[in-house]
Structure formats: structure tokens, C-alpha cells
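Only heavy atoms go into these numbers, but all of them, side chains included; no hydrogens, no water, no symmetry mates.
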Amino acid sequence: MTMLEARRLRRNTIASVVLQVATIVCRFFLPRLILKAYGSEVNGLVNSINQFLSMISFLELGVGAVVQSALYKPLAVNDFLQVNRIISSAEKFFRKLANFLIVYITFLVILYPLLVNQSFEVVYSASLIIIIGISSFAQYYFGLVDGIFLLADQRGYIYYSVQIVTLILNTLFCVFMINIGSSIHAVKLMTSCVFILRPIIIRNYVNKRYHINRKEKYDVEPIDQKWNGVAQHVAAIIFDSTDTVILTIFSNVSYVSVYSVYNMVVMGIRQLIIAACSSVSSFWGRLLARNEISTLKESFAWTEWLTHTVTVLLFGCTLILIDPFIMIYTDGVNDIEYFQPVFSAFLTLSGALRCIRLPYNSMIISGGHYRQTENNYIVAAILNIVISIILVVKFGLVGVAVGTLIAMTYQTVWMAVYISKNLIFWPIRNFVKQLFVDIISIIVCVIVTNNLSLETVSYVSWIKLALCVFVIWVIAVFIINLLFYQKWIKKFIEKLSGSF
């Protein structure tokens with residue numbers, strides 16, 4: 001790894017983590033304000049519409065990830081003619097997708113209000129769909145390809161920085177508008193206007209920094225396996241959207257609000273871990289392109305251990321702390337019961353598994369093994385949908401969380417076995433050992449901290465509880481890993497010492 005690559009990797013990781021911290025903080029304030037100002041039904045409606053709109057990315061068919069993988073090699077060898085061809089092909093595809101988005105929003109405006117017509121008037125729901133959909137159209141029309149390109153070129157820190165600025169601006173504007181009594185439509189219109197700035201700023205940067213011909217002609221499709229990322233992409237959409245869609249159809253939007261509040265916490269922790277791992281795909285892709293296998297194995301082993309350990313620590317603490325937090329966060333909101341401890345446990349565990357699978361999924365993307373792994377993603381998606389639908393009728397929120405947990409367990413194990421045989425070429429017992437350490441850590445720490453509770457229903461009391469729980473988990477996880485992974489503990493301490 002060159003000094004330049006190391007510096008970019010560090011910048012990308014830091015910027016990505018800062019973005020997720022900012023996202024967590026902003027998501028903490030806005031949903032709470034919306035809940036207090038407009039109630040659980042409106043909060044559920046907004047989250048439901050967001051999920052239905054996000055399903056347009058279903059039509060992306062995984063092309064974005066394949067484009068990023070296709071760019072690794074030409075960028076590594078400075079073949080900008082091939083880069084231009086790939087960008088040209090990708091631009092054509094995403095502009096077609098933007099046109100599909102217009103059609104999809106039109107159908108959504110007509111059909112979605114029928115799902116919630118007992119709670120909201122047709123015009124109310126339909127106009128909100130149009131307003132929220134504006135920024136999605138701008139992203140697909142001319143913003144997505146530039147972001148993918150910057151990520152592939154290890155300049156994701158530019159992309160993340162723009163997101164950080166617009167996210168903070170949006171939060172400030174929305175807080176102001178809610179406090180002066182603006183309607184939810186006006187608030188969401190402000191969000192769309194701010195987020196439109198993202199693709200505009202990124203496009204200007206790419207045009208100034210690079211000399212890209214977006215209309216480069218080609219005889220042969222430059223994006224290899226263009227349609228082989230479909231299964232992976234569809235599975236990701238299903239895992240992100242199934243629970244909310246099923247609850248909207250088989251339950252009501254108030255339960256979507258309960259789900260969204262808990263998921264806000266789990267998603268925040270998950271995105272923080274994803275951010276820390278987000279830069280490794282491009283780095284591993286370059287190592288594979290240069291056939292530097294020994295460096296790749298060392299990097300993967302370190303990333304795997306670090307991801308598992310951080311996931312166990314953060315999600316383990318979440319398992320103990322999420323219910324007390326929700327009690328405080330929803331204090332004063334009495335239109336539906338928000339205290340759902342069984343649901344929160346399953347949701348937290350499924351969120352942890354989605355993080356544990358990150359190194360294996362990233363390696364598959366880096367190697368461009370889309371075609372070879374299609375069946376895994378298809379089976380996992382089917383499991384998620386079928387089990388969630390079967391269980392939601394009887395168990396409600398718990399049912400959809402169990403469906404996701406079972407499907408995610410299958411997918412994580414499958415991925416670990418696949419890369420051990422086809423990309424990393426090492427014994428599967430390495431993965432089994434890591435899981436064993438994870439499970440032992442969780443069991444020990446839960447036994448020690450499960451009886452800790454809030455002194456009073458307040459944020460000060462929760463912070464005290466969180467600090468106590470976190471310190472206990474850090475000590476226990478450190479000791480257990482010291483017994484099994486002395487090499488990585490030593491490396492972690494060295495890296496931590498070098499930061500100061």
C-alpha cells in the first residue's frame with residue numbers, strides 16, 4: 001500500500017464515520033420533533049413513504065455496485081479511456097432510471113393513499129409523496145454516477161463531506177420550521193430543496209477535478225457483469241424495506257412509527273460501523289487488480305476481527321440500553337405503546353448480523369463475484385419476505401424482526417463459507433472461531449449488565465447507565481479477545497497509541 005493510498009483510506013474512513021455520527025445526531029432530533037409536533041401517525045406516514053420511494057432503487061438492479069467494481073482496475077492503471085466508457089454507460093442507465101422514477105411516483109400517488117385512506121386524505125398523502133420524491137429524482141438523474149466514481153477513486157471523503165454539510169443544513173432548517181409551526185409538507189419540501197444541492201456540488205467538483213467525457217462512444221459494453229449485481233441489490237432493498245412495507249400493508253402506520261423509532265437507533269449504530277468499513281472495498285479491489293494476495297489476506301483478517309469485535313461491543317450495549325432510551329425518547333407520546341423489549345432484542349440482533357457480514361460482502365464486491373453469489377442473495381430475500389409475512393399476522397413487530405434475523409443468519413454464514421473457498425482461501429474454522437468468541441462475549445456481558453436499570457426516566461440517568469454498561473462491556477470484550485486474539489489486540493493498542 002502506497003503512502004497516498006494509506007492517506008486516502010484514512011481520510012475516507014474518518015469522513016465516513018463523521019458523516020454517520022452527524023446522521024445519528026440529526027436523526028435523534030428530527031423524528032422526536034416530528035413525533036411531538038405531528039403525532040405517531042404522521043411520523044409513520046413519512047417513514048412509510050420514504051421506504052416506498054426508496055424501493056425505486058430496486059430498479060437500479062445493482063448496477064451501481066458493479067460500476068464501482070468495474071472502475072477499480074482502469075483507475076489503478078490510469079486507463080481513462082475505459083473510465084470514460086464506463087461513466088458513459090452508467091450515465092445512460094441512471095437517466096433511464098430517473099424516467100422510471102417519474103412513472104413510479106405517479107403510480108404511488110394514485111395507489112398509496114388507498115393504503116392509508118382511513119387516516120389521511122388522498123391529497124394530503126399524494127402531495128407528500130411528490131415533495132419527498134423531488135430529491136430522489138435529482139439524485140438518479142445526474143448525481144449517483146459522480147458519487148460512485150469518487151468512491152472508486154478513493155476520494156469518497158469529498159462525497160461524504162458534501163453529505164455532512166447538507167445534512168446539517170437540512171436539520172437546522174427543519175428544526176426552525178417545525179418550531180414556527182410549519183406543516184409537515186413545508187418541512188419536507190425544505191429537505192428536498194437542500195438535498196438537491198448534493199448532486200449539483202458533486203457534479204461541479206468532478207467536472208473541475210477530472211476530464212471525463214460522459215458521452216464516450218463504445219462498441220462493446222464496458223461494464224462487465226452489468227446485470228449480475230441484481231440479486232445482491234434486490235436482497236439489500238428487501239432487507240431495508242420489507243419490514244416497513246409489510247407493516248404498512250398488514251398492520252397500520254402507527255406501528256410503522258414504532259418500528260422506525262427503534263430502527264433509528266439500530267440503523268444509527270449499523271451505519272456507524274458500515275462507515276468505518278466503507279473504504280475497504282476500493283482498497284481490496286485495487287489489491288486484487290494488482291494480485292497482491294498476501295497483503296489482501298492480512299488486511300482482511302484484521303478487518304474481520306475488528307468488525308466482529310466492534311459490532312459485538314456496540315450492539316451488545318445497544319441490546320441493554322435501547323429500551324431505556326426509547327422510554328425516555330417517547331416520553332409524552334401516548335397514542336401508541338412504544339415499549340417493545342422482545343421486538344427490540346430481535347431487531348438489535350439482526351442489525352448486528354448485518355454488520356458482521358460486512359467484511360464478507362465487501363470482499364465479494366471487491367472481487368466482482370456477482371454472478372457466482374446470486375443464489376445466496378435470492379434465497380435470503382425469499383426467506384425474509386416469506387417468514388415476515390407468515391409471522392407478522394400473529395406476532396406483529398416481532399414477526400418481521402424474526403424474519404429478518406433468520407434470513408440474515410443464513411446469508412452471513414453462506415458468505416463466510418464462499419469467500420473462504422473462493423477469495424481468501426483459508427479454513428472456515430477461522431470464521432467459526434470468531435463467531436464462538438462473539439457469542440461468548442455477548443453471553444458473559446449480558447449476564448453481568450442485564451439487571452442494571454435507570455434511576456429515573458431522564459437523559460442524565462440514561463447517560464450514567466450507558467457509561468456504566470459501556471465500561472463493563474469494554475473490559476469484558478477486551479479480556480475475552482486477549483485470550484483468543486492476542487495478535488490483533490496488540491495491533492489495536494499499537495494503532496491506538498500511534499494516534500496520540
Side-chain angles (χ1 to χ4, degrees), residues 23-55 105 108-109 111-136 166-196 241 243-249 251-268 325-340 343 396-397 457 459:
T23 301
I24 292 170
V25 172
C26 292
R27 282 180 177 171
F28 173 81
F29 284 108
L30 283 182
R32 170 67 179 174
L33 287 174
I34 291 173
L35 271 173
K36 293 290 287 185
Y38 308 108
S40 294
E41 282 196 328
V42 170
N43 184 54
L45 177 68
V46 170
N47 280 280
S48 179
I49 289 173
N50 279 327
Q51 284 299 330
F52 271 89
L53 281 172
S54 71
M55 290 183 70
I105 290 176
L108 209 57
V109 165
L111 299 177
Y112 181 85
L114 300 178
L115 297 175
V116 293
N117 62 353
Q118 294 180 345
S119 302
F120 301 98
E121 294 181 358
V122 172
V123 174
Y124 186 96
S125 302
S127 57
L128 198 56
I129 291 168
I130 295 171
I131 290 169
I132 296 175
I134 292 172
S135 58
S136 296
T166 53
L167 180 65
I168 294 173
L169 280 176
N170 172 65
T171 302
L172 293 175
F173 283 132
C174 288
V175 168
F176 172 75
M177 295 186 70
I178 292 172
N179 285 332
I180 64 173
S182 301
S183 68
I184 188 65
H185 292 73
V187 172
K188 288 302 171 182
L189 181 59
M190 174 59 70
T191 295
S192 291
C193 291
V194 173
F195 285 167
I196 284 175
S241 305
D243 293 354
T244 299
V245 172
I246 288 176
L247 286 171
T248 300
I249 296 173
S251 185
N252 60 66
V253 290
S254 292
Y255 282 107
V256 174
S257 180
V258 176
Y259 179 91
S260 69
V261 171
Y262 274 96
N263 194 51
M264 171 189 68
V265 178
V266 173
M267 179 72 77
F325 174 79
I326 297 299
M327 288 174 59
I328 300 167
Y329 188 79
T330 59
D331 186 36
V333 182
N334 303 312
D335 49 2
I336 194 169
E337 179 58 63
Y338 276 88
F339 184 67
Q340 303 282 347
F343 163 68
L397 288 164
V457 182
Y459 286 113

**Q.** Min side-chain heavy-atom separation Y329-Y338 under 4.5 Å
**A.** no
Q: Not counting sequence neighbours, which residues clear side-chain hydrogen bond (donor to acceptor under 3.5 Å, both in side chains) with S127? List them please.
A: H185
Q.
If the condition is ring-ring contact (aromatic ring centres under 6.0 Å, His included), which residues does F195 pass it with, not counting sequence neighbours?
A. none
Q) Between V194 and T166, what is the shortest heavy-atom contact and its length? A) CG1-O, 3.4 Å
Q) Are Y259 and F343 close enough, and set up right, to give a ring-ring contact (aromatic ring centres under 6.0 Å, His included), and what steps lead you there? A) CA-CA 9 Å; Y259 179 91; F343 163 68; 5.8 Å; yes
Q | Residue pair L45 / Y124, side-chain heavy-atom distance below 4.5 Å | A | yes
Q) Heavy-atom distance under 4.5 Å between the side chains of L189 and I132, does that happen here? A) no
For residues 167-180, which side-chain N or O atoms pair as donor and acceptor with protein atoms under 3.5 Å away, sequence neighbours left out?
{"from": "N170", "atom 1": "OD1", "to": "T191", "atom 2": "OG1", "distance (Å)": "2.8"}
{"from": "T171", "atom 1": "OG1", "to": "L167", "atom 2": "O", "distance (Å)": "3.0"}
{"from": "N179", "atom 1": "ND2", "to": "V175", "atom 2": "O", "distance (Å)": "3.1"}

Q: Calculate, to the nearest 0.5 Å, the distance between atoms CG and CD belonging to L35 and E41 respectively.
A: 12.0 Å
Q. Once you round to the nearest 0.5 Å, how far does CG of L128 lie from CD1 of I49?
A. 4.0 Å
Q: Would you name the heavy atoms of V109 and I130 that are closest together and state the gap between them?
A: CG2-CG1, 3.7 Å
Q. Could you go step by step and tell me if V258 and F339 meet the side-chain contact (heavy atoms from CB on, under 4.5 Å) rule?
A. CA-CA 9 Å; V258 176; F339 184 67; over 6 Å; no
